[in-house]
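This chain uses plain numbering: 1 for the first residue, then up along the sequence.
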Amino acid sequence: MRHDTVTRSVKTGLVAFACLSYLILVGIPGRIGGAALPSLALIAALVFWFNFRRNEDFRTVPERDRGSTGAEGKPGWQIGTNHAPAANDTVPLLPAGISGLNLHLGLAAGATTGLLIAICSSVIVAAIGNGVSIQPVFDKMVPLNVAALVGVSPGQIAQADVSPFRYLLQTVYFAGAGILAALAVTTGGARLTDAARSDRLPVNLSAPKILAAGRLAGLALPIVLLAFIVLLGLPGVSAFGSNEGTVRLLLTLVATGSGLFAHRLSRPGRERRIVTVLLGLGVLMMPFVLDQFQNSVMGLVFIYVMMGLGLNIVVGYAGLLDLGYVAFFAIGAYTYAFLSAPFSSPYISNLLLLLNISPDSPLLGYWMALPVAMLTAAIGGILLGIPVLRLRGDYLAIVTLGFGEIIRLFMLNMGELTNGPRGILEISQPSLFGFAPEAFFGLLSSQGWTFLLALISSALIAIVAIRLNSSRLGRAWFAMQEDEDVAEATGVHLVRTKLLAFAIGATFAGMAGQLYAARQINIFPENFSLFVSIDALALIIVGGIGSPAGIVLGALALKGLPEVLRGVDEYRIVAFAALLVIMMIVRPAGILPSPRRRVQLTAPEEQGPPELSDGAEEDFREPLEKKAAPLNGPEKDEAQ
């Protein structure tokens with residue numbers, strides 16, 4: 001084993017230790033309970049797997065395991081009379097090299113993480129047992145959290161009565177996680193396909209069958225999860241004890257995210273239509289079966305999906321970095337607030353009294369105010385776009401950032417109009433045909449109604465965004481994103497194209513802001529800080545720039561998971577930064593990137609040369625051979 005290879009494995013173990021340390025410091029083991037150690041080992045295995053995939057030592061089979069090479073450059077088992085194995089031959093599924101170098105690398109990485117976790121655990125246990133107060137520094141390091149990490153009772157932690165076997169067990173868990181990750185990388189993907197092509201798999205086990213079974217499992221997973229969530233929502237059905245609400249929310253997030261992957265796994269045509277209908281019906285059932293808190297979280301998640309889809313038009317399609325996107329979100333929210341609760345604005349109240357109109361009732365309902373809020377936000381987008389037409393990159397980001405702060409300070413200081421820091425209160429919620437959602441549906445709560453509206457609005461915005469991306473305007477955005485000078489030379493009107501991007505993105509933000517105001521009932525200038533823009537941009541980067549499905553995954557990860565793991569929410573800025581760094585290293589294109597973005601971030605050497613058939617290769621070589629052939633006779637004289 002080479003020294004540099006061992007060094008890389010140890011570094012991988014240190015990366016996993018850093019990730020797990022953060023989870024331990026925010027109190028995750030105490031929330032999981034008895035399954036904390038296996039859960040952390042699985043997370044470590046995932047970190048190992050991500051790092052091992054980028055390691056050439058795992059993607060290269062030693063020469064002794066490849067077989068001899070024949071005269072035509074084929075492996076030895078494909079040449080001669082012994083090419084076809086006998087029917088009763090027992091051929092191993094795993095490559096022979098897996099028991100050597102790769103397992104040692106996985107063991108080194110896992111043992112590094114396990115030893116560091118065990119050493120830190122022993123030091124913390126000794127400190128707590130000797131009466132050292134570590135909570136002022138690490139507030140989550142209470143006996144309950146440490147006990148879940150070590151696998152003993154809190155009383156044993158308080159008395160420092162922990163057997164060395166427990167620390168050894170920690171090391172074994174993480175060492176096993178490293179070996180598991182090495183096995184997954186070594187036997188995954190291309191190796192399994194190569195084994196099937198070389199007849200090294202048993203007769204009843206082939207790569208197509210395994211891939212087909214995995215595809216069917218991926219299609220069935222979200223449907224099964226959605227059915228289980230609906231079952232838990234039925235009267236008299238309960239599970240998971242006091243953690244039922246958290247588990248149902250987590251299952252909802254997982255089912256929604258896996259549904260996006262299932263849609264991609266489905267074949268175009270009838271199968272995709274069936275999968276889409278089943279997933280759509282299952283997701284539409286969620287507002288009726290989830291409780292108030294779960295509907296509130298999912299409603300907020302999909303409001304951010306609406307924002308992300310609008311910002312994706314500006315950033316992902318047009319390539320314009322907008323850090324002041326929260327301004328349009330605030331414009332939509334305050335526009336609906338003024339129309340719905342005019343009595344909260346002193347200036348609007350006095351103006352209505354002068355016109356002999358009572359300010360105590362809403363001027364417009366939710367549906368009548370919707371186009372007004374969208375139009376107002378679009379005008380704001382145009383007003384922002386006009387001064388920044390010539391700006392690019394960092395300069396554009398700084399100017400848009402200032403615009404977002406200007407709008408927030410305007411809402412804060414214009415007390416006569418916006419009621420200042422006291423905010424706009426008692427905003428009316430959306431109704432349907434004049435009926436409240438509770439009275440019309442019976443089973444639908446107010447937060448469930450917001451979740452349902454956010455779902456439908458997100459679907460409509462996604463359809464419009466996809467259609468825009470494939471239209472002539474979308475191609476103009478893409479050309480402008482690649483090179484503005486070349487785009488203008490080919491006939492793209494830059495002023496109109498940029499203003500349309502700002503206006504359409506702002507329109508969707510205004511639509512999301514109106515729904516947010518209706519959800520909150522009371523809004524304040526602090527609700528529209530810079531962090532809202534950062535959140536919207538982060539979910540686009542994490543999910544995949546230019547991908548509507550990736551934006552949904554980013555919103556589920558950044559806005560839904562912190563509600564499941566409340567400890568992480570206290571450090572959400574640190575969590576965002578760590579997640580962004582990891583995503584830039586592991587998947588720079590995002591969790592579910594668009595095909596165009598994936599091609600842009602793929603190096604030319606990774607794409608490889610185009611595959612040609614034998615006939616096409618001969619046709620390609622023939623002109624080159626003719627061109628390289630020496631001239632003689634009349635051809636030579638003519639050339640001279």
- Task: Give the intermediate values and the outcome of side-chain contact (heavy atoms from CB on, under 4.5 Å) for residues Leu290 and Ile229.
- Result: CA-CA 8 Å; Leu290 299 179; Ile229 295 169; 4.0 Å; yes
- Message: Treating Asn295 as the side-chain partner and Gln292 as the backbone partner, does any N or O pair qualify as donor plus acceptor under 3.5 Å?
- Response: no
- Any side-chain heavy atom of Tyr516 sitting closer than 4.5 Å to one from Phe528? yes
- Any side-chain heavy atom of Pro29 within less than 4.5 Å of one from Ile24? yes
- Hey, does Ile545 have a side-chain heavy atom less than 4.5 Å from the side chain of Pro593? no
- Task: Report yes if some heavy atom in the side chain of Phe261 is under 4.5 Å from a heavy atom in the side chain of Leu553; otherwise report no.
- Result: yes
- No-hydrogen, no-angle side-chain donor-acceptor test under 3.5 Å, Arg519 and Ser296: yes
- Note on the structure: Rounded to the nearest 0.5 angstrom, the CG-CE distance for Leu455 and Met306 is 10.5 Å
- Message: If you define the side chain from C-beta out and look only at heavy atoms, does anything of Ile223 sit under 4.5 Å from Phe228?
- Response: no
- Test side-chain contact (heavy atoms from CB on, under 4.5 Å), reference Arg166, set Val125, Leu149, Val150, output is Val150
- Message: As an exercise, state the distance from CG of Leu530 to CG of Leu323, rounded to the nearest 0.5 Å.
- Response: 7.5 Å
- Does Ala41 offer a backbone N or O that forms a donor-acceptor pair with the side chain of Tyr173 under 3.5 Å? no
- Item | Audit row: Asp291, Gln294, side chain to side chain donor-acceptor pair (under 3.5 Å) steps and yes/no | CA-CA 5 Å; Asp291 60 20; Gln294 295 153 10; 3.2 Å; yes
- Message: Are the side chains of Ser121 and Val146 in contact, using a 4.5 Å heavy-atom criterion?
- Response: no
- Message: Strictly distance-based, threshold 3.5 Å: is any side-chain N or O of Arg215 a donor or acceptor partner for the main-chain N or O of Ala262?
- Response: no
- Message: Strictly distance-based, threshold 3.5 Å: is any side-chain N or O of Thr171 a donor or acceptor partner for the main-chain N or O of Tyr167?
- Response: yes
- Verify side-chain contact (heavy atoms from CB on, under 4.5 Å) between Thr252 and Leu225, making sure each step is shown before the conclusion. CA-CA 8 Å; Thr252 305; Leu225 289 177; over 6 Å; no
- Item | Step-by-step side-chain contact (heavy atoms from CB on, under 4.5 Å) determination, Leu40 to Phe174 | CA-CA 8 Å; Leu40 293 177; Phe174 292 104; 4.2 Å; yes
- Task: Determine the interplanar angle of the Phe302 and Phe451 rings, folded into 0 to 90°, and report it as parallel if under 30°, tilted if 30 to 60°, perpendicular if over 60°.
- Result: tilted
- Query: So, Ser533 side chain and Val326 main chain: donor-acceptor pair closer than 3.5 Å or not?
  - Reply: yes
- Between Ser266 and Leu219, is a side-chain contact (heavy atoms from CB on, under 4.5 Å) present by the stated rule, with each step listed? CA-CA 7 Å; Ser266 60; Leu219 293 176; 4.0 Å; yes
- Message: When you measure from the side chain of Ser547 to the backbone of Leu592, do you find a donor-acceptor pair of N or O atoms at a distance under 3.5 Å?
- Response: yes
- Do Leu180 and Trp49 come within less than 4.5 Å of each other through their side chains, counting heavy atoms only? no
- Short side-chain to backbone donor-acceptor contact, Thr113 and Gly13, under 3.5 Å: yes
- Query: Would a 4.5 Å heavy-atom cut-off, applied to side chains only, mark Lys559 and Val297 as touching?
  - Reply: no
- Message: Working to the nearest 0.5 angstrom, can you tell me the gap between Leu558 CG and Ile540 CD1?
- Response: 11.0 Å
- Item | For Leu537, the option from Ile541, Ile534, Leu539, Asp535 that meets side-chain contact (heavy atoms from CB on, under 4.5 Å) | Ile541
- Query: Do Gln447 and Thr450 have side-chain N/O donor and acceptor atoms under 3.5 Å apart?
  - Reply: no
